[in-house]
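Reading through the structure tokens given below for one structure.
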Amino acid sequence: MIVAIDGPAGSGKSTIAREIARRHGFEKLDTGAMYRAVTFAALSRGIDLADEDGVCHLARLVNIVFQPQPGGVTRVFLDGEDVSSQIRTPEVDAGVSKVSAYPDVRVAMLAPQRAVARQHDVVAEGRDIGTVVFPDADVKVFLTADPRERARRRVLQRHEGEQVDLSALEPEIAETLASIERRDALDASRDVAPLVAAADAVRIDSTAYSIEEVVDQISALIEEAQRA
Ligand code: DC
């Protein structure tokens with residue numbers, strides 16, 4: 001069984017995919033983390049992100065491994081080094097759209113993405129899962145949410161576990177909103193594998209729903225597909 005969840009940054013894909021994986025015993029595949037790992041690898045080796053050949057060559061060389069941890073968290077290893085937090089910095093946020101728009105970087109990521117689904121039932125999240133990576137997925141969801149709500153969720157996620165009041169976070173939310181809108185525009189307008197809903201995807205707008213409500217909706221789609 002392959003469940004594809006596509007949608008823009010901050011729409012809740014990661015959290016929802018994690019919960020779906022837990023409920024149904026599926027493997028979770030975070031394809032954004034792979035593009036982030038390539039971006040981090042380029043930045044840390046001093047490769048100019050504008051150097052398409054250099055970045056694509058690197059994408060073919062690196063080894064990216066996911067290691068699920070108890071509690072539902074997955075750690076990301078780049079050539080054996082745990083880079084789980086380094087791939088979530090503002091520098092990587094700013095560069096990843098450029099890297100993920102290179103056609104040969106995308107080609108290099110296809111085989112490892114598809115390999116995961118050969119061995120397990122999988123819930124994969126990204127931008128082109130239902131259109132390019134798994135066009136025959138059993139369940140396809142296109143998850144959206146209002147941009148301001150997405151920015152708010154991203155910032156709250158960043159400060160998880162801290163005692164902070166929401167009004168103090170307002171400047172960070174505004175900055176994150178600008179970055180999200182910039183990235184949405186780049187991801188949606190690129191030539192290869194742009195962010196678009198597959199024709200047969202079920203669209204869910206999560207702005208007004210809790211995580212659990214969205215997970216329930218997707219679970220119902222999975223159960224329906226399992227019966228078919
Ligand atoms: O989901 P995320 O924010 O971690 O994704 C990081 C970037 O990677 C995002 O700007 C778009 C890109 N991406 C992509 O092009 N294709 C995917 N399947 C997943 C992510």
Side-chain angles (χ1 to χ4, degrees), residues 2-18 20-21 28-43 49 52 55-56 58-59 62 64 66 73-76 78 83-117 122-135 137 140-145 147 149-155 157-158 176-198 201 206:
I2 298 177
V3 178
I5 304 182
D6 289 303
S11 56
K13 298 184 303 285
S14 266
T15 313
I16 284 159
R18 190 188 315 142
I20 293 283
K28 171 170 124 45
L29 175 63
D30 173 359
T31 59
M34 302 177 79
Y35 293 102
R36 288 172 177 276
V38 174
T39 306
F40 171 73
L43 291 171
L49 298 187
E52 181 167 354
V55 174
C56 293
L58 179 68
V62 291
I64 301 164
F66 293 100
V73 180
T74 300
R75 305 213 69 84
V76 184
L78 174 72
V83 294
S84 312
S85 44
Q86 287 101 308
I87 63 170
R88 309 274 168 205
T89 60
E91 291 71 36
V92 172
D93 276 353
V96 67
S97 286
K98 193 172 197 62
V99 168
S100 62
Y102 292 143
D104 286 349
V105 169
R106 307 200 68 85
V107 169
M109 296 298 114
L110 266 184
Q113 289 173 15
R114 289 183 176 151
V116 175
V122 65
V123 50
E125 49 127 338
R127 304 292 190 288
D128 62 338
I129 308 300
T131 48
V132 177
V133 183
F134 298 121
K140 294 185 188 178
V141 172
F142 194 79
L143 196 63
T144 56
E149 175 60 17
R150 294 194 270 131
R152 198 183 71 88
R153 290 177 186 168
R154 266 280 142 109
V155 171
Q157 193 179 35
R158 225 176 268 150
T176 305
L177 175 61
S179 153
I180 278 182
E181 287 180 330
R182 211 165 33 238
R183 210 138 59 85
D184 281 358
L186 288 170
D187 293 345
S189 64
R190 68 178 177 223
D191 294 335
V192 263
L195 171 67
V196 284
S206 73

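Ligands are counted one by one from 1 in listed order, and the atoms in each one are counted from 1 as well. All figures in this text were calculated on a predicted structure; none of them were measured in a lab.
Below 4.0 Å from some heavy atom of Ser97 lie the following atoms of ligand 1, by number and element: 10 (O). Near Asp128, the atoms of ligand 1 lying under 4.0 angstrom from a non-hydrogen atom of the residue are 16 (N), 17 (C), 18 (N). Close approach of ligand 1 to Asp187 (heavy-atom distance below 4.0 Å) involves ligand atoms 9 (C), 10 (O), 11 (C).
In this structure the side chain of Thr74 never reaches within 4.5 angstrom of the side chain of Asp30, judged on heavy atoms. Residues Val38 and Ile64 form a side-chain contact, since some pair of their non-hydrogen atoms from C-beta on lies under 4.5 Å apart.
Asp93 has a carboxylate O that lies under 4.0 Å from a charged side-chain N of Arg36, or vice versa, which qualifies the two as a salt bridge.
Atom 16 (N) of ligand 1 has Arg106 NH2, 2.9 Å as its closest protein atom, hydrogens excluded (heavy atom only). Summary of contacts: the protein heavy atom closest to atom 1 (O) of ligand 1 is Arg127 NH1, 2.9 Å. The protein non-hydrogen atom at the shortest distance from atom 20 (C) of ligand 1 is Gly32 CA, 3.5 Å. Arg36 NE, 2.7 Å is the protein heavy atom nearest to atom 4 (O) of ligand 1. Distance from atom 12 (C) of ligand 1 to its nearest protein heavy atom, with residue and atom name: Ser100 OG, 3.5 Å.
Residue contact check for ligand 1: Met34 places no non-hydrogen atom closer than 4.0 Å to it.
Under 4.0 angstrom from ligand 1, the non-hydrogen atoms of Arg183 all belong to its side chain. The proximity of Arg190 to ligand 1, defined as any non-hydrogen pair under 4.0 Å, is limited to the side chain. In Glu125, neither the side chain nor the backbone holds a heavy atom less than 4.0 Å from any atom of ligand 1.
Of the possible donor and acceptor atoms, one in the side chain of Arg106 sits under 3.5 Å from a partner among the backbone N and O of Ser100. Judged purely by atom type and a 3.5 angstrom limit, Asp6 has no side-chain atom pairing as donor or acceptor with the backbone of Phe142. Side chain of Lys28 to backbone of Ile20: no donor-acceptor contact under 3.5 angstrom is found.
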Run the numbers on Arg190 and Asp187 for side-chain contact (heavy atoms from CB on, under 4.5 Å), then give the verdict. CA-CA 6 Å; Arg190 68 178 177 223; Asp187 293 345; 3.8 Å; yes
Pair Phe40, Glu91 - check side-chain contact (heavy atoms from CB on, under 4.5 Å), show working. CA-CA 9 Å; Phe40 171 73; Glu91 291 71 36; over 6 Å; no
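Atom 7 (C) of ligand 1 has its nearest heavy-atom neighbour, among Thr31, Val92, Val96, Asp93, in Val96.
Between Asp30 and ligand 1, a contact under 3.5 Å exists for no N or O pair.
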Would you tabulate the side-chain donor-acceptor contacts of residues 178-185 under 3.5 Å, counting partners in other chains and residues two or more places apart, or write 'none'?
from	atom 1	to	atom 2	distance (Å)
Asp184	OD1	Arg150	NH1	3.4
Asp184	OD2	Arg150	NH1	3.2
Asp184	OD2	Arg150	NH2	2.7

